[in-house]
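These figures come from a predicted structure and were not determined experimentally. In this chain, residues are counted from 1 in sequence order. Computed over heavy atoms, backbone and side chain alike; hydrogens, waters and symmetry mates excluded.
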Amino acid sequence: MKYVAMIYGNQAKWDSFPAEAWPEALARQEAFNEKYRQTGELLGAYGLADAAAAMLVRRKDGAPAVTDGPYLETKEYLASFYLLDCESEERAQRIAADMPFADVEPVELWPILHESAADL
């Protein structure tokens with residue numbers, strides 16, 4: 001079963017993190033990523049740009065109509081997401097709990113119900 005694990009953040013949170021702590025934090029995250037890539041359970045890990053770079057795209061008269069985003073007015077925004085492929089829900093929960101900062105920040109875990117065929 002596939003899952004999306006999502007981490008939320010905001011600019012104030014990133015700004016409050018000491019600059020000298022970033023290298024170790026990034027190394028811990030990369031170690032997590034490598035651990036689960038090797039098991040085949042981590043299909044992808046993606047860090048997103050700051051919310052100021054987000055945009056909303058709609059269609060108007062058959063063409064893209066783009067405005068600033070994100071859609072929700074919120075302090076927290078989606079900062080990164082991970083695509084997992086696990087044998088069970090419990091395994092996905094264990095992997096999410098193993099994320100480096102899961103002891104201080106929650107990881108949102110969503111089962112993926114279906115996906116498009118890869119040969120389309």
Side-chain angles (χ1 to χ4, degrees):
M1 176 101 186
K2 290 191 174 106
Y3 294 85
V4 172
M6 297 179 290
I7 307 294
Y8 290 86
N10 63 49
Q11 196 58 47
K13 184 186 295 184
W14 312 141
D15 290 344
S16 71
F17 201 73
E20 63 275 4
W22 277 108
E24 191 255 332
L26 294 173
R28 287 176 57 204
Q29 190 61 56
E30 262 317 303
F32 168 89
N33 293 350
E34 184 58 26
K35 176 181 178 179
Y36 292 105
R37 275 190 196 107
Q38 287 184 8
T39 68
E41 294 166 302
L42 178 61
L43 302 180
Y46 309 91
L48 303 178
D50 186 71
M55 62 198 88
L56 299 173
V57 180
R58 293 180 175 84
R59 184 179 56 250
K60 184 173 181 175
D61 299 324
V66 182
T67 57
D68 291 340
Y71 184 70
L72 300 174
E73 292 296 323
T74 180
K75 291 180 183 175
E76 298 286 316
Y77 55 82
L78 186 60
S80 59
F81 67 96
Y82 303 80
L83 182 57
L84 306 174
D85 191 359
C86 303
E87 64 189 27
S88 67
E89 181 177 282
E90 292 76 22
R91 179 63 179 159
Q93 291 169 349
R94 283 194 301 272
I95 292 171
D98 195 33
M99 286 193 176
F101 295 99
D103 55 341
V104 293
E105 294 291 336
V107 176
E108 195 169 305
L109 191 63
W110 288 61
I112 295 175
L113 297 179
H114 59 84
E115 64 183 288
S116 294
D119 61 349
L120 290 180

Using the test side chain to side chain donor-acceptor pair (under 3.5 Å), find all partners of Asp15 that sit at least two apart in sequence or belong to another chain.
Gln11
Closest non-hydrogen atoms of Ser80 and Gly47, given as atom of the first, atom of the second and distance, are CB-CA, 3.9 Å
Which residues satisfy the salt bridge (charged side-chain N to carboxylate O under 4.0 Å, His left out) test with Glu105, sequence neighbours excluded?
Lys13
Can you name the nearest heavy-atom pair linking Ala102 to Ala96, along with the distance?
CB-O, 3.6 Å
Please check if the number of heavy atoms outside Trp22 that lie under 6.0 Å from its CH2 is greater than 12.
yes
Do Tyr8 and Leu48 sit in the same hydrophobic cluster, where Ile, Leu, Val, Met, Phe, Trp and Tyr count as joined when their side-chain heavy atoms come under 4.5 Å apart?
yes
Report yes or no: do Tyr82 and Met6 belong to one cluster of Ile/Leu/Val/Met/Phe/Trp/Tyr joined by side chain heavy-atom distances under 4.5 Å?
no
Between Gln29 and Pro100, the two heavy atoms sitting closest are OE1-CD, 3.4 Å
Does Arg91 reach the main-chain N or O of Cys86 with its side chain, forming a donor-acceptor pair under 3.5 Å?
no
Are side-chain heavy atoms of Ile95 and Leu42 found at a separation under 4.5 Å?
no
If you measure from CG on Leu26 to CZ on Arg28, what distance do you get to the nearest 0.5 Å?
11.0 Å
Between Glu30 and Arg37, does any NZ, NE, NH1 or NH2 come within less than 4.0 Å of an OD or OE carboxylate oxygen?
yes
What pair of heavy atoms forms the shortest contact from Tyr3 to Leu109, and how long is it?
CB-CD1, 3.8 Å
Taking all non-hydrogen atoms of both residues, which atom of Ala5 and which atom of Leu84 are closest, and how far apart?
CB-CD1, 4.3 Å
Transitively linked via ILVMFWY side-chain contacts under 4.5 Å: Val104 with Phe32?
no
Flag yes if Ile7 and Trp110 sit in one hydrophobic cluster, no otherwise; membership is Ile, Leu, Val, Met, Phe, Trp, Tyr, and two members link when side-chain heavy atoms are under 4.5 Å apart.
no
Gap between atom CG of Asn33 and atom CD of Gln38 - 0.5 Å precision:
11.5 Å
Side-chain touch Leu78/Glu108, heavy atoms, less than 4.5 angstrom
no
Do Tyr77 and Asp50 have a side chain donor and acceptor closer than 3.5 Å?
yes
Phe101 versus Ala25, closest heavy-atom pair with distance:
CZ-CB, 3.7 Å
Among Glu41, Lys2, Met1, find the residue that satisfies the side chain to side chain contact (heavy atoms under 4.5 Å, CB included) test when tested with Asp85.
Lys2
